[in-house]
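Throughout, a chain's letter reflects where its sequence line sits, starting with A, and its residues are numbered from 1. Worth knowing before you read on, the calculation uses all heavy atoms, side chains too, and leaves out hydrogens, waters and symmetry mates. These figures come from a predicted structure and were not determined experimentally.
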Amino acid sequence: MTDSDSEGAAPLAASVRADWSVLMARGQEGDERSYRQLLHGIAPYVRSLARRTGLSPEDCEDAVQDVLMTIHTIRHTYDPARPFGPWLVGVTRNRLADRLRRRARIWSRETELTEAHETLAAVETNSFEKAEQARRLRAAVAELPAGQREAVELLKLKEMSLKEAAAVTGQSEVALKVAVHRAVKRLRVLLGDEDA
Amino acid sequence: MREPASTDSLIASLAQGVAPVRRLRPPAMRGLAWIALAAVVIAVLASWRGLRADIGLQMADPAYWVQLLGAALTGICATFAVFEVSLPDRPRLWILLPAPAALFWATGFAYGCLGHWIAIPFGAPVLEDSERCLTTIVLATIPLGLVLWLMLRRTHSLRPSDSAWLGALAVAGFADTAHLLLHTVQASLLVLAVNVLPVAVIVIAGGLGGGRNLRLKTGG
């Protein structure tokens, strides 16, 4: 039963761990400045752990934010008498594993849409130009990371409210807003500015 | 290093006006507190219902001791394990802690079941006894399960399925301890069914994402 951050994770200097431990202890007492310093300090380390799982850069950033929110929610579970490193790595690994499992589940249920799946009887849908635009948009949406794609589908295509989408996905409204914002930015790039 | 804008703003919003929090007590201390509650519940039930009539005879039977100690030790080990495993910095290997005691317990009740079936005289009031048994099991299970659930919810376990299983095992161990002290009817399997089956159903129905009530809710 050793420190769980000794395997796989980038090694942390003992002084850094001690500093983080002190900052976290102060954060638990409501010291805003120490807590902000801690979150800024750990974010790159969490990001480096997330990158090792093979997540795309966008997914990686979502994962970092998820870990930061988790740390915030369960900060009362950290015992300042114990090293901070294993606690941080434990939270990060568990949240990353949840994310990878969720992604694998979504992928296993998805089937790629072809034109045959999408053809509708309405005349306007048979317009070649519109069909081509729709195809490009679908392709661009399909290229989005799973979290962003889900957010776009629920909020933009199904026109759900933030509250409804949060209930469906289990994500916070803030996380959904961030995901849609990134998705729209990415779609602009994929489709070119004139189409966005 | 500069953070991406959205992560930067998230950090700012999390840190802004961060509220002081009451730290969790060490898991061993929380485990001891819950075990003390279990002892009180068993003592209250024993003073209300009285110990089983043949307790003196049973005390001389090694098989009874195997079963009683097995149940109590399973409850104790599962309690310490569940409070440890629900914290992110504790190794998951803690889930194995109750395994030897649970094996001991299972051996005891397998032997007890066999002995009981052979020993039941024709026409004995088994159903009536079983009803009293079930009441004891439920009366032990409800307060213990409820308090444990509340304690674990505060932990926001990142391993909710492990916590759910171990919690159910802890409650089952103590419920069976109460039952073995109070009743003559062999009902260890019933105790396990009452405590562990609902958890199994929830875990399986939740697509192995069990312990949903203990699951952390964030934006992830």
Side-chain angles (χ1 to χ4, degrees), chain A residues 1-4 27-33 35-40 43-44 47 61-91 93-95 98-99 101-102 105 166 170-176 178 181-182, chain B residues 1-30 81 83-94 96-97 151-163 206-209 212 214-220:
Chain A
M1 302 194 179
T2 57
D3 288 358
S4 57
Q28 287 176 320
E29 285 155 15
D31 181 339
E32 197 174 313
R33 201 171 144 200
Y35 192 54
R36 183 179 293 115
Q37 199 181 335
L38 171 79
L39 296 180
H40 275 298
R47 193 172 293 115
E61 212 45 44
D62 280 348
V64 171
Q65 292 177 11
D66 175 44
V67 170
L68 293 178
M69 285 193 281
T70 303
I71 285 170
H72 182 74
T73 309
I74 66 165
R75 64 192 187 280
H76 63 287
T77 67
Y78 173 63
D79 176 0
R82 297 175 66 90
F84 182 78
W87 188 84
L88 173 63
V89 174
V91 173
R93 287 217 172 119
N94 275 299
R95 292 310 279 175
D98 279 353
R99 177 171 289 268
R101 268 196 296 270
R102 202 163 48 235
R105 265 206 303 273
Q171 293 191 46
S172 70
E173 294 182 15
V174 178
L176 282 170
V178 171
H181 174 70
R182 287 201 189 123
Chain B
M1 186 182 137
R2 190 79 195 143
E3 295 298 326
S6 55
T7 302
D8 231 358
S9 63
L10 176 70
I11 290 174
S13 68
L14 293 178
Q16 191 179 20
V18 62
V21 287
R22 193 160 54 87
R23 291 184 191 115
L24 279 183
R25 293 192 185 284
M29 199 184 284
R30 301 170 76 225
F83 283 111
E84 291 285 346
V85 89
S86 60
L87 293 174
D89 56 345
R90 311 302 159 101
R92 196 169 172 232
L93 277 177
W94 276 102
L96 295 178
L97 185 68
M151 289 172 89
L152 290 175
R153 261 185 81 82
R154 187 163 144 65
T155 315
H156 292 296
S157 177
L158 297 181
R159 300 166 179 139
S161 296
D162 293 343
S163 299
L208 296 176
R212 287 192 167 206
L214 302 174
R215 188 176 286 280
L216 176 76
K217 298 278 183 204
T218 69

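Contact of A:D31 with chain B is made through the backbone alone, with heavy-atom distances under 4.5 Å. Looking at B:L87, only its side chain comes within 4.5 Å of chain A, counting heavy atoms on both sides. In this structure, chain A has a heavy atom under 4.5 Å from the side chain of B:R90, while its backbone stays farther away. Both the backbone and the side chain of B:R23 come within less than 4.5 Å of a heavy atom in chain A.
The distance from the CD1 atom of B:I11 to the CG atom of A:L39 is 5.5 Å, given to the nearest 0.5 Å. The distance from the CD1 atom of A:I74 to the OG atom of B:S157 is 9.0 Å, given to the nearest 0.5 Å.
Closest approach of A:Y35 and B:A15 over heavy atoms only: CD2-CA, 3.8 Å. Residues B:L14 and A:L68 share a closest heavy-atom pair of CD1-O, 3.8 Å.
Side-chain contact annotation: A:E61 with B:S6, donor-acceptor N/O pair under 3.5 Å absent.
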Would A:R47 and B:T7 count as a side chain to side chain contact (heavy atoms under 4.5 Å, CB included) if you check the C-alpha gap in whole Å, the side-chain angles of each, and the deciding distance to 0.1 Å?
CA-CA 11 Å; A:R47 193 172 293 115; B:T7 302; 4.2 Å; yes

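Contact of the B:V18 side chain with the A:R75 side chain is registered, since non-hydrogen atoms from C-beta on lie closer than 4.5 Å. The closest side-chain heavy-atom distance from A:M69 to B:L10 is below 4.5 Å. No side-chain heavy atom of A:T77 sits under 4.5 Å from any side-chain heavy atom of B:R154.
A salt bridge between B:D89 and A:R82 is present, with a side-chain N of the basic residue lying under 4.0 Å from a carboxylate O of the acidic one.
Listed options A:E32, A:R36, A:H181, A:R101 were ranked by heavy-atom pairs under 4.5 angstrom with chain B; first place goes to A:E32. Chosen from B:R22, B:Q16, B:R159, the residue pairing most often with chain A at heavy-atom distances under 4.5 Å is B:Q16. Of the listed residues (A:V91, A:L176, A:V67), the greatest number of heavy-atom pairs within a distance under 4.5 Å of chain B belongs to A:V91.
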